[in-house]
Asks: 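Can you read through this structure? Questions will come right after.
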Amino acid sequence: MNRLWSLYKVLLNVQYNWSAMKYTYLRKRQRLWEPILVIVGLAPVAVLWLTGITWFSETLYRSGMMLAQPHVLLAVMALGAQIFTLFMGVVYVLSGFYFSEDLKFLIALPYKPWELLVAKLLVIMTGQYIPILLTFVPALVVYGREAQVGVSFWLASIPVVLAMPVLPLIVATILSIFLMRVVNMSKRRDLWAVIGGFALTLFIVGAQLYMQLSFGDTHPEELMRQIMQQADGVVNLLSRYFPPSVWAAKALAYAHQPSGLVNLVLFLASAVAGGAVLLLLADRVFYRGVVSGLEGRRGTRGHSVSEGAVRERPLLWTLALTEMRLFLRNPSFVLNGLIGYILFPVLVVVPLLAPQAELDNPFAFLMELVSFELIVGVAALFFVIMSAMSMIPATTISREGKYLWFPRTLPIPIGTLLAGRVLAAQVINIAGSTLSVALISLVIGFPWEAAALGTLLGALLSTGFAGLLTILDLARPMLNWTNPVRAVKSNLNSVIALALAVGIGAALGSAMYWLVRSGYAALVYVEFILGSICLYGLYKLLVQNYAVSRWQRIDD
Amino acid sequence: MLKLTNVAKKYRGAANYAVKDLDLEVKRGEIFGFLGPNGAGKTTTIKMIVGLLEPDSGSITVNGFNVTERPIDAKRSIGFVPDNPELYEKLTGIEYLNFVADAYGVSQDDRRKRIPHFLEMFGLTGAVGDLIQSYSHGMRQKLALTGALLHEPELFILDEPMVGLDPKSAHLFKELMRSHADKGFTVFFSTHVLEVAERLCDRVGIINHGRLIACGTLEELRERSQSQDSTLEKLFLELTEEDGADE
């Protein structure tokens, strides 16, 4: 057990860069402004988030009270947390188990396959406690306060919270293990892993949504009768998606009764049973899958250099092309960065596929609420949010890692290097966001003119924003990583980028709303063009006055 | 071609200077070997020349360009191969070479001549369409060397070029350095392999504890130690031990 604990601690340390941070901030006392800036910057976002989640939990609690089922709050939040873990689990497991460079030396160590599997899974699981702490725990506190629960509730909440991500992650791991067994047989392993990873993730989300919306299959009056007559009508209905989340909710809600204990045992037993299946698979499937994935793949040797292969390209385009190749050929980057472009359209399309007797278009009500200009503005802001979510510009220097020596020795000014990276990020962002906006508009029925105008303004607005994100990553790159997923997902710059995108979205969105309400809707276009100019201007200013000197001293 | 004047570098938080009061001049057309024990300051010096580190004081000029004030012009004159060339693993060999050629502005005609020539020489022709992640250490080093030579750099810098190379590849590397210098270009390399330095270099510099303790042709070093038949290895040990005793 000590060996496993020691392996877990080392992997956790490497995953979150603790030793490097301790060395820089505590021992060397360098760059102390960084953690201070991060805390100061993220504190308002955290406060905003906690306020929102508390309000949501209180609303849900009151709605549950109206049906005399206040623990609907617990069931919904447990379900949400577990589905989120399941959804993210596939991406994390594929990145951590199959595309992590540390496996090369971990496999050579005298650890049993199950020990490696468990230690790596525990590291992924530890990361999953963060979203649980931010969503499920505030709901627990709201429920505990509103329902004036006893000590037994708080005691039961400890194992429930600890076991919350276990089963979904095990399910995600088992699915990923089988996926990689199939994928490793292919010559183009990376490509099929990305396609398979996306397909698996979308299947999980799609299936959940489909089941949720299939309530339409049940006659509405029958549904209401079930909800009203049964003591846990709503909660039991939720169990159709992921039964363990309901066991968790009941374990808490009835913590003072024997039925609570039964549900707690069921919840924990399901996690243990899942773990046993996983351990069985560890020796037979996981190890072979990982080892076959580590085998070097050589292409067909013997080609000569064709005339067409040696090709001169404009510098800016060659920089962008290389950046895109390096991003798109790394499954960890693609799985983590591009999921948003696929997820949002799916979230809109799936409701249309579900059996809906009452409504032809479940989004029809939206058309009555929003104006043409609001659609344009929201579409444009979607580009900004997706630019941050893709993590391409915000981790452009971090992703260089050990390769950073190379661009630094090239005779290319940093302004040109960054411009190439912004171009690459924008080619991917504009392609992905345009497809998403087009699909969403088509499904919801937004006018195509509004979607087209929004796309144009979004492309303009997100260009300066992407530039600013490259400067952010230049200022605080995360260069020491062995697992590529750390360069994007464990990189605080990704979080800061998202916070900035939300901030810009909130500022421009409120101004737009005010303009539309005040009868100056036409000025929305002026607002977005001015916003684009300001962001791009700020980016160029920082390139000239900061990036040059920073680039020269980035290793100091 | 390369001039270092009073260069000093101390890493943040370190007690001692990595490089101190370094004066060095390397002339056009010569092969200069930069020798020194582990941690003597060789790689730090090379990193300052190629622009990866900024000197705390002093100046470095390459082909007449100060590397701090005119970094882009200086880098244009340099071809650099580090000790462990980490190359983008997700690019194919030919994509990497095309990228380097675009970065250095190598014309289409020149790259059509030079790329097949180097690939043939290093036996990489059949592998150039594969991802670099499938290359061995030696193949990566040869690809890095090809990339560094594509623009015919006036100053060719190699950090420990012989590490991890098989005898045939090491021989090829030495031939290339010689032929590059014969064309009138300059070669500057660091090494631990004193036999290579002895046979290949026009001049050598020995650095220890961040200071240049000897510089000149082998004959000049022998004269200094007053033993006419000393090998470079003996001279190296004598000079570095002498310097250690002085400290």
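Lettering of chains follows the sequences in order, A, B, ..., and the numbering in each one begins at 1. Scope of the values below: all heavy atoms of this structure, side chains included, with no hydrogens, waters or symmetry mates.
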Asks: Can a donor-acceptor pair be found, under 3.5 Å and without considering hydrogens, that links the side chain of A:Trp405 to the backbone of B:Glu86?
Replies: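 Looks like yes, one N/O pair under 3.5 Å.
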Asks: Looking at A:Pro411 and B:Ala103, what are the two nearest heavy atoms and their distance?
Replies: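 Where A:Pro411 meets B:Ala103 most closely, the heavy atoms are CG-O, 3.9 Å.
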Asks: Any sub-3.5 Å donor-acceptor pair from A:Glu312's side-chain atoms to B:Gln108's backbone N or O?
Replies: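 Present.
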Asks: Less than 4.5 Å apart, side chain to side chain, heavy atoms only: is that true for B:Tyr88 and A:Arg329?
Replies: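 No, side chains not in contact.
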Asks: To check you understand the geometry: which heavy-atom pair defines the closest contact between A:Gln552 and B:Pro71, and what is its length?
Replies: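 Taking A:Gln552 first and B:Pro71 second, the nearest heavy atoms are NE2-CG, 3.8 Å.
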Asks: Is the number of heavy atoms from other residues, nucleotides or ligands within 6.0 Å of NE2 (B:His171) greater than 12?
Replies: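 Check fails, neighbour count at 12 or below.
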Asks: Does atom NZ (A:Lys402) have a neighbourhood of more than 12 heavy atoms from anything else shown, all under 6.0 Å?
Replies: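 Yes - once you tally the heavy atoms of other residues, nucleotides and ligands closer than 6.0 Å, there are more than 12.
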Asks: Atom CG of B:Asp102 and atom OG1 of A:Thr322: how far apart are they, to the nearest 0.5 Å?
Replies: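 So the gap between those two atoms works out to 8.0 Å.
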Asks: Which region of B:Val67, side chain (C-beta onward) or backbone (N, CA, C, O), has a non-hydrogen atom less than 4.5 Å from a non-hydrogen atom of chain A, or is it both or neither?
Replies: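 For B:Val67, the backbone is the part near chain A, not the side chain.
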Asks: Please name all residues satisfying ring pair (Phe, Tyr, Trp, His ring centres under 6.0 Å) with B:Phe185, sequence neighbours left out, ordered by chain then number.
Replies: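 Ring pair (Phe, Tyr, Trp, His ring centres under 6.0 Å) list for B:Phe185, sorted by chain: B:His180.
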Asks: Are more than 12 heavy atoms, taken from residues, nucleotides or ligands other than A:Tyr546, located less than 6.0 Å from that residue's OH atom?
Replies: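 Yes, OH of A:Tyr546 has more than 12 neighbouring heavy atoms, counting only those of other groups under 6.0 Å.
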Asks: Only pairs of heavy atoms separated by less than 4.5 Å count here; which of B:Val106, B:Leu91, B:Val50, B:Asn98 has the most with chain A?
Replies: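 If we count pairs closer than 4.5 Å to chain A, B:Asn98 comes out on top.
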Asks: Does any backbone or side-chain atom of A:Leu410 lie under 4.5 Å from a heavy atom of chain B? Answer side chain, backbone, both or neither.
Replies: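 Interface part for A:Leu410: both.
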Asks: So does B:Lys183 have more than 12 non-hydrogen atoms from other groups sitting under 6.0 Å from NZ?
Replies: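 Atom NZ in B:Lys183 is crowded, with more than 12 foreign heavy atoms closer than 6.0 Å.
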Asks: NZ of B:Lys10: more than 12 outside heavy atoms within 6.0 angstrom?
Replies: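 Counting other residues, nucleotides and ligands, NZ of B:Lys10 exceeds 12 neighbours.
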Asks: Side-chain contact test, heavy atoms from C-beta onward, threshold under 4.5 Å: evaluate it for A:Tyr403 versus B:Leu87 and give yes or no.
Replies: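 They are not in side-chain contact.
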Asks: Does B:Lys42 have more than 12 heavy atoms from other residues, nucleotides or ligands lying within 6.0 Å of its NZ?
Replies: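 Check passes, neighbour count above 12.
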Asks: Enter the distance from B:Lys90:NZ to A:Asn330:CG here, rounded to the nearest 0.5 Å.
Replies: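 The CG atom of A:Asn330 is 5.5 Å from NZ of B:Lys90, to the nearest 0.5 Å.
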Asks: Which answer fits B:Ala101, side chain, backbone, both or neither, if we ask what part of it has an atom under 4.5 Å from a heavy atom of chain A?
Replies: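 Neither the backbone nor the side chain of B:Ala101 comes within 4.5 Å of chain A.
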Asks: Over all heavy atoms of both residues, which pair between B:Tyr104 and A:Thr409 is shortest? Give the atoms and the distance, please.
Replies: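 For B:Tyr104 versus A:Thr409, the nearest heavy atoms are OH-O, 3.5 Å.
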Asks: Find the one option among B:Glu95, B:His151, B:Glu89, B:Glu120 whose heavy-atom pairs under 4.5 Å with chain A are most numerous.
Replies: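 Of the candidates given, the most pairs with chain A belong to B:Glu95.
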Asks: With only heavy atoms counted, which part of A:Leu321 is less than 4.5 Å from chain B, the side chain, the backbone, both or neither?
Replies: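 Neither the backbone nor the side chain of A:Leu321 comes within 4.5 Å of chain B.
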Asks: Do the ring centers of B:Tyr96 and A:Phe406 come within less than 6.0 Å of each other?
Replies: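 Close enough - the centres of the two rings lie under 6.0 Å apart.
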